[in-house]
Amino acid sequence: MRRESPHTASEAPVGPEGGAARKAADADAAARDGQDTLPLPPWKGPAILLVDLDAFFASVEQLDHPAWRGKPVIVGGDPDKRGVVSTASYEARPYGVRSAMPSSTAYRLCPHAIWTRGRFDRYREVSNEIMDILRSETPHVQQVSIDEAFLDVSPTAVNREHPVEVARRIQRRVEELGVTCSIGVGTSKTVAKIASDMDKPRGLTVVYPGGERDFLGPLPVRTMSGIGAAAEEKLRSRGIRTLGELADADEGMLLRAFGKNGRVMHVRANGGDDAPVAQDDDVKSVSNEMTFAVDLTARDEVEGAIATIAAKVGRRLRRKGLRGRTISLRMRYDDRSVRSVQRQLAAPSDDELAYTPLLHRMMDELWQPGMPVRLIGVGMAGFEEDEGVQEALFDIAKVAPSEDDVRPSIPDEGKRRGLIEATDLVKDRFGETAVRFGRELRGEGNTTGSAAKNPADYK
DNA sequence: TCTGGGGTCCTAGGACCC
DNA sequence: TCTGGGGTCCTAGGACCC
């Protein structure tokens with residue numbers, strides 16, 4: 001059975017051995033005031049930090065627009081065009097505005113908020129500066145997203161610095177850039193991640209070695225990364241609501257219910273997560289989606305939209321120097337159902353002029369006359385290693401032609417590349433709408449939201 | 001005037017080969 | 001001779017994350 005009276009992160013610090021969570025914000029504040037702080041309890045074993053930037057997009061907007069500071073700021077899609085909230089500043093949250101909420105709802109809750117669709121290049125820029133700070137602290141940095149990263153700061157024979165000291169310094173250095181972060185410190189990624197969420201913004205929550213089970217036990221299962229709505233419901237139906245109950249559950253049952261993820265959940269709930277902080281920055285897929293302000297019903301509109309999105313994907317592939325072999329098409333309909341198809345190309349490609357005709361044939365498999373199309377997505381995956389790319393190009397000739405073969409609309413490979421590169425240059429200088437190929441033009445005007453109007457923001 | 005966009009990973013079934 | 005099983009690739013769908 002689980003013990004009762006669990007400690008949570010908001011309670012008073014406890015010792016390292018019996019210990020649960022230690023909230024270090026007070027000590028942190030004291031340190032900022034230049035006061036002496038109590039010596040930190042020693043740290044034994046692995047130490048993982050999760051650094052999470054607070055309301056990041058909104059904070060960057062407030063940094064760049066001093067007049068917006070102290071006011072509710074919402075970064076998100078248009079309220080009247082099926083947009084959702086990307087980030088709400090802390091001033092907007094008391095009104096109930098949350099990430100992923102439909103913008104229309106957010107507008108109702110907080111009509112006087114400052115609304116912006118976002119400048120993702122700028123967010124990327126600030127994010128890169130912060131990631132540089134993190135990498136200057138340790139090479140063991142795993143960037144999870146634009147605003148989150150794990151760091152392994154386990155004390156070693158060479159570097160004996162206490163993990164909490166590192167965390168405090170990171171907070172100070174990040175704040176010098178004009179934004180803030182919250183940090184969780186623990187012996188595993190699971191614990192660090194959950195701890196980082198306990199106290200925001202500007203929180204520093206520490207779970208000392210040995211305190212994992214007491215810290216996790218009372219929390220709802222949904223708190224843990226990897227458990228979403230579906231798993232939560234499945235667990236609930238088996239009488240499991242907290243991570244403590246999950247930790248004590250029968251592993252065989254979890255295995256039957258969740259496959260190998262069941263074992264992972266069980267181990268993590270017991271504080272036994274030993275997943276390493278790993279740098280794996282290889283991109284595995286590149287895709288773009290577009291939700292239409294008004295559903296598309298005409299076939300040629302859908303074809304036109306596919307061409308436009310395919311061009312966006314192609315351009316991103318070329319910018320990244322990637323050529324993919326697996327192309328996919330996704331459609332969401334009127335009733336929110338989703339269908340998708342994928343195909344293997346005869347040779348890896350980054351050229352929409354080559355693969356768009358195939359996408360149009362794939363569309364035939366998804367096309368349901370009379371069924372309004374709400375969203376279209378195009379994705380490329382199956383990237384080759386750098387060495388393989390050139391070789392693969394020459395392999396085109398060896399592959400037997402088939403129905404789904406890539407049929408270039410401009411047969412001469414050299415001319416086609418020249419044309420593509422020229423248009424990329426123009427788009428770089430004058431924006432995405434400056435140049436369109438014939439197929440792309442149709443269906444334009446129905447496309448919605450930030451992605452359609454300002455594609456450069458979504459790189 | 002409900003519910004975006006860009007990703008990763010897993011599963012399950014079928015094809016195909018040995 | 002009617003019949004196994006492992007490995008791998010491919011495909012569609014779905015859960016989940018920020």
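Chain identifiers are assigned alphabetically (A, B, ...) following the order of the sequence lines, protein sequences preceding nucleic acid strands; residue numbering begins at 1 within each chain. Just so it is clear, the model here is predicted, and its values are computed rather than measured.
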**Request:** Give the rounded distance in Å between these two atoms: CD1 of A:I376 and C1' of B:dG6.
**Result:** 17 Å
**Verdict with supporting geometry, A:F258 and A:H266, ring pair (Phe, Tyr, Trp, His ring centres under 6.0 Å)** = CA-CA 11 Å; A:F258 295 97; A:H266 192 232; over 10 Å; no
**Request:** State whether A:D274 and A:R268 are salt-bridged, where the test is any N-O pair (Lys NZ or Arg NE/NH1/NH2 against Asp/Glu carboxylate O) under 4.0 Å.
**Result:** no
**Asked** Between the main-chain N or O of A:P276 and the side-chain N or O of A:K189, is there a donor-acceptor pair closer than 3.5 Å?
**Response** yes
**Nearest-angstrom distance from the residue atom CE of A:M101 to C1' of B:dG4** = 14 Å
**Request:** Under 4.0 Å between any heavy atoms, over every strand shown, what does A:R330 touch: base, sugar-phosphate, or nothing? Just pick one.
**Result:** nothing
**Item:** A:R117 side chain near B:dG4 phosphate (N/O to OP1/OP2, under 4.0 Å)
**Value:** no
**Request:** Find out whether the Lys NZ or Arg CZ of A:K284 is both under 6.0 angstrom from the six-membered ring centre of A:F383 and within 45° of the ring's axis.
**Result:** no
**Request:** Determine the stems involving DNA chain B; a stem requires 3 or more consecutive pairs of the Watson-Crick or G-U wobble kind, each with both distances below 3.5 Å, and the answer is none if no such run exists.
**Result:** B:5-18 with C:5-18
**Request:** Return the value, rounded to whole Å, for the distance between atom NZ of A:K81 and atom P of B:dG5.
**Result:** 13 Å
**Request:** Would you mind reading off the distance between A:F120 atom CZ and B:dG4 atom P, rounded to a whole angstrom?
**Result:** 15 Å
**Whichever of A:F258 and A:V84 has its nearest DNA chain B nucleotide further upstream toward 5'** = A:V84
**Atom-pair distance (CG on A:L375; P on B:dG4), nearest Å** = 8 Å
**Asked** Rounded to the nearest Å, what distance is computed from the CE atom of residue A:M362 to the C1' atom of nucleotide C:dC10?
**Response** 13 Å
**Request:** Please list, chain by chain and in numerical order, all residues satisfying side-chain contact (heavy atoms from CB on, under 4.5 Å) with A:I146, sequence neighbours excluded.
**Result:** A:F56, A:F57, A:Y123, A:R124, A:S127
**Salt-bridge criterion met for A:K312 and A:E352 (N-O under 4.0 Å)** = no
**Item:** Shortest non-hydrogen contact between A:E61 and A:V73, atoms and distance
**Value:** CB-CG1, 4.4 Å
**Message:** Any carboxylate oxygen within less than 4.0 angstrom of a Lys/Arg side-chain nitrogen, looking at A:R323 and A:E384?
**Reply:** no
**Complete:** Given protein heavy atoms under 4.0 Å, the one-letter contact record of nucleotides 11-18 of chain C, with B base, S sugar-phosphate only and - none, is simply BBS-SSSS
**Item:** Given DNA chain B, 5'-ward residue of the pair A:V283 and A:S86, judged by closest heavy atom
**Value:** A:S86
**Item:** Pairwise P distance for C:dC17 and B:dT3, with rounding to whole Å
**Value:** 22 Å
**Request:** Report the distance from atom CZ of A:F292 to atom P of B:dG4, rounded to the nearest whole Å.
**Result:** 13 Å
**Prompt:** Given A:R213 and A:D248, is the salt bridge (charged side-chain N to carboxylate O under 4.0 Å, His left out) satisfied, shown in steps?
**Reply:** CA-CA 11 Å; A:R213 277 186 54 117; A:D248 290 333; 3.2 Å; yes
**Message:** Would you say A:N261 places a side-chain N or O within less than 4.0 Å of OP1 or OP2 belonging to B:dC10?
**Reply:** no
**Fill in**
A:N288 CG to B:dG6 P, in whole Å, measures 4 Å
**Message:** Within the 3.5 Å criterion, strictly below it, is a donor on A:K71 or A:Q62 matched to an acceptor on the partner's side chain?
**Reply:** no
**Asked** Which nucleotide in the list B:dG6, B:dT8, B:dT3 gets nearest to the side chain of A:S287?
**Response** B:dG6
